[in-house]
Structure formats: structure tokens, C-alpha cells
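Note that these values count all heavy atoms, side chains included, but never hydrogens, waters or copies made by symmetry.
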Amino acid sequence: TMEPALHAFVAGRKGLRVLDIGCGFSPYEKIFAGHASSYLKLDLILRKEISVLGHGECLPFKEHSFDAVLCTQVLEHAVQPFEIVEEIRRVLKPRGKVFLTTHGIWKEHNNPHDDWRFTPAGFRELFKAYNAVNVFPQGGSLTGLMQLFNVWVKSWNYPGWMPRFLWYWLRGPLYFLPNVIALLDDGRDTHLVQNYLVIGEK
């Protein structure tokens, strides 16, 4: 859902100013090639690819600076998610858009900490100061359940008495079959969603 939304946003546009919060290795930067005049990458961890070192709760930019802000798989790690969403709104230009993804359900994953899980109602509260907000489930309940099953299998401790090749061979079908079953997900049941895409417009 993320890539089609971004392609639709950039279509026919040039000179966009883009901010990628918690960018990691910027997997969506290529979509903006030829459409963006600047693509700033903000993260907590300093690497040569990073443009700005900083926190999403206190963005070091002026108001109305960006046409688009990306914030992917960051909000669950934020100490103050409301502050991040408000800071994004502040730095967006009028009618600018934020593309944000985060978990509905998932295992605890400290990076360096893991604080939140969200629901569509929670997103509407987070984004209530925006002019528009749309929440898109990324997969349905069957997909979410199968992904959780995979995570559970991965968490099993290796029993020292068994040869390692046999341990991996026996677990293989337990990874493969849930992914096959998830292909049957028609997306209509969204009570157990693993991840969401939120698109907010200032």
C-alpha cells in the first residue's frame, strides 16, 4: 500500500521537498527520484547517509518546510507519538502530506525501546488536527495471525540435543505453510491487523 500511495503522490510533480523521519536505509527514496529537489534523512543513529541527526518530537526545521514527510515503522518506538505527529504537521506545507506506517499488532522489539501499538480510532485521535486522514490496513486478520505464528515459531529456543540442520529442517514447514495460508486473505476482516498505513493531509 505504501509504494502505490507514494507513486500516486509524486505523479506529475517536480521540486518536492521531502523529509524522511527515522529513515533507516531510506527504502522509498528511489520513488522520489526526478520528483524531489531535496530529500532529507533524519535519524537518531549517525551514518554517512543521514542528513540530520535528531528526534521526531523536536524537528529542527521551520514551519511549512516540506511537501511530504515519511515516517515508517517509527511511531511505535517514540516516547511521545502525539508530539511527533504534531511536529510533522508543523513542518508540512499547507496541503502537504505525511505517509506514516506503524504496527497494529507485533512482537516487542526494542530499538532501543518499543512503546506503542495503534488502532484506527487511535490514529484518528493522533491526527485530529489534520485536515484529512485516511487509515489503510496492510493486510487482513488472516495475514496478521499467520505473521504472529511465524514470529512465535522463530522465538523457539534451539534444543541442544538435536542436530542444528534437523532443527531448521523441521521448522521450515512451519514458516512456509502460514505464508501460503496468508495468500487466502481477502483483506475484508481487519480486526487483527499487523500494520497500518496512515496518510494525513495538513
Side-chain angles (χ1 to χ4, degrees), residues 1-104 111-138 195-202:
T1 56
M2 182 67 158
E3 290 195 9
L6 292 178
H7 281 296
F9 176 75
V10 302
R13 306 182 71 173
K14 301 286 185 182
L16 295 171
R17 297 199 73 230
V18 182
L19 173 64
D20 192 343
I21 297 174
C23 60
F25 295 97
S26 308
Y28 302 105
E29 182 180 11
K30 62 184 182 296
I31 294 175
F32 291 89
H35 300 280
S37 60
S38 65
Y39 191 100
L40 295 180
K41 306 172 188 179
L42 182 143
D43 212 324
L44 293 171
I45 302 170
L46 184 61
R47 299 188 306 276
K48 64 180 181 179
E49 300 90 355
I50 302 303
S51 312
V52 181
L53 196 66
H55 289 263
E57 290 93 339
C58 186
L59 297 173
F61 307 107
K62 295 180 181 179
E63 294 182 3
H64 315 311
S65 295
F66 299 98
D67 299 286
V69 174
L70 278 64
C71 184
T72 57
Q73 304 311 116
V74 171
L75 210 62
E76 68 268 22
H77 302 292
V79 176
Q80 298 292 341
F82 278 88
E83 291 184 12
I84 289 185
V85 171
E86 178 53 32
E87 274 290 273
I88 291 172
R89 192 181 72 87
R90 182 183 67 81
V91 302
L92 276 173
K93 295 178 182 180
R95 302 199 68 180
K97 289 189 176 182
V98 55
F99 298 84
L100 181 148
T101 63
T102 189
H103 291 303
N111 188 27
H113 46 78
D114 186 9
D115 298 310
W116 304 97
R117 296 294 181 268
F118 299 89
T119 65
F123 289 125
R124 286 189 286 273
E125 184 65 25
L126 277 168
F127 286 83
K128 67 181 180 181
Y130 285 65
N131 286 325
V133 61
N134 290 290
V135 181
F136 302 97
Q138 295 184 306
N195 218 67
Y196 291 95
L197 165 64
V198 183
I199 303 176
E201 182 177 297
K202 182 173 179 177

Tell me whether [X] contacts the main-chain N or O of [Y] through its side chain, where contact means a donor paired with an acceptor under 3.5 Å.
X: Trp116; Y: His77; answer: no
X: Thr119; Y: Gly122; answer: yes
X: Arg117; Y: His103; answer: no
X: Lys202; Y: Pro94; answer: no
X: His35; Y: Lys14; answer: no
X: Arg89; Y: Val98; answer: no
X: Thr102; Y: Gln73; answer: no

Interatomic spacing from [atom1] in [X] to [atom2] in [Y] - rounded to 0.5 Å:
X: Cys23; Y: Glu49; atom1: SG; atom2: CD; value: 8.0 Å
X: Phe82; Y: Glu57; atom1: CZ; atom2: CD; value: 13.0 Å
X: Leu75; Y: Leu126; atom1: CG; atom2: CG; value: 6.0 Å
X: His55; Y: Cys58; atom1: NE2; atom2: SG; value: 9.0 Å
X: Lys128; Y: Glu86; atom1: NZ; atom2: CD; value: 11.0 Å

If you define the side chain from C-beta out and look only at heavy atoms, does anything of Met2 sit under 4.5 Å from Thr72?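 Yes, side chains in contact.
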Close side-chain approach of Glu76 and Asp114, heavy atoms under 4.5 Å: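 Side-chain contact under 4.5 Å: yes.
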Closest heavy-atom contact between [X] and [Y]?
X: Asp67; Y: Phe9; answer: O-CZ, 3.6 Å
X: Gly15; Y: Ser37; answer: O-OG, 3.3 Å
X: Val52; Y: Pro60; answer: CG1-CG, 3.8 Å
X: Glu87; Y: Gly56; answer: CB-O, 3.5 Å
X: Ile84; Y: Ala78; answer: CD1-CB, 3.3 Å
X: Val85; Y: Tyr130; answer: O-OH, 2.7 Å

Applying side-chain contact (heavy atoms from CB on, under 4.5 Å) between Leu6 and each of Thr1, Ile199, Ile31, report the one that passes.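 Result for side-chain contact (heavy atoms from CB on, under 4.5 Å) with Leu6: Ile31.
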State which residue, out of Leu59, Leu42, Leu19, Val18, fulfils the side-chain contact (heavy atoms from CB on, under 4.5 Å) condition with Val69.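 Running side-chain contact (heavy atoms from CB on, under 4.5 Å) over Leu59, Leu42, Leu19, Val18 with Val69 returns exactly one hit, Leu19.
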When you measure from the centre of the six-membered ring of Phe127, is the NZ or CZ of Arg124 under 6.0 Å away and within 45° of the axis?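 That pair does not qualify as a cation-pi contact.
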Face-on cation placement of Arg47 at Phe25 ring, 6.0 Å and 45° thresholds: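 Yes, a cation-pi geometry holds between Arg47 and Phe25.
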Does Lys41, at its NZ atom, have more than 12 non-hydrogen atoms belonging to other residues, nucleotides or ligands within less than 6.0 Å?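 Enclosed: over 12 neighbouring heavy atoms sit under 6.0 Å from NZ of Lys41.
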Taking atom NZ as the centre, does Lys30 end up with more than 12 heavy-atom neighbours from other residues, nucleotides or ligands that are less than 6.0 angstrom away?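 Enclosed.
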One pair to check against side-chain contact (heavy atoms from CB on, under 4.5 Å): Thr101 and Gln138. What are the steps and the verdict? CA-CA 9 Å; Thr101 63; Gln138 295 184 306; 4.1 Å; yes
I'd like to know whether Asn134 forms a side-chain contact (heavy atoms from CB on, under 4.5 Å) with Val198, so could you lay out the CA-CA distance, the side-chain angles of the two residues, the decisive distance to 0.1 Å, and finally the verdict. CA-CA 6 Å; Asn134 290 290; Val198 183; over 6 Å; no
Any luck finding a side-chain donor-acceptor pair between Tyr28 and Asp20 under 3.5 Å?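 The criterion, which ignores hydrogens and geometry beyond distance, is not satisfied for Asp20 and Tyr28.
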Within the 6.0 Å centroid threshold, strictly below: Phe123 and Tyr196: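 Close enough - the centres of the two rings lie under 6.0 Å apart.
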Apply the test side-chain contact (heavy atoms from CB on, under 4.5 Å) to residues Ile21 and Leu70: give CA-CA distance (whole Å), side-chain angles for both, the deciding distance (0.1 Å), then the verdict. CA-CA 6 Å; Ile21 297 174; Leu70 278 64; over 6 Å; no
side-chain contact (heavy atoms from CB on, under 4.5 Å) between Leu16 and Val10, intermediate numbers included: CA-CA 8 Å; Leu16 295 171; Val10 302; 4.1 Å; yes
One thing to verify: whether Glu201 and Arg95 come together as a salt bridge, which I'm taking to mean a side-chain N less than 4.0 angstrom from a carboxylate O.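 Answer for the salt bridge query: yes.
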Below 4.0 angstrom, N of the basic side chain to O of the carboxylate: do Lys93 and Glu63 qualify?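 So Lys93 does not pair with Glu63 through a salt bridge.
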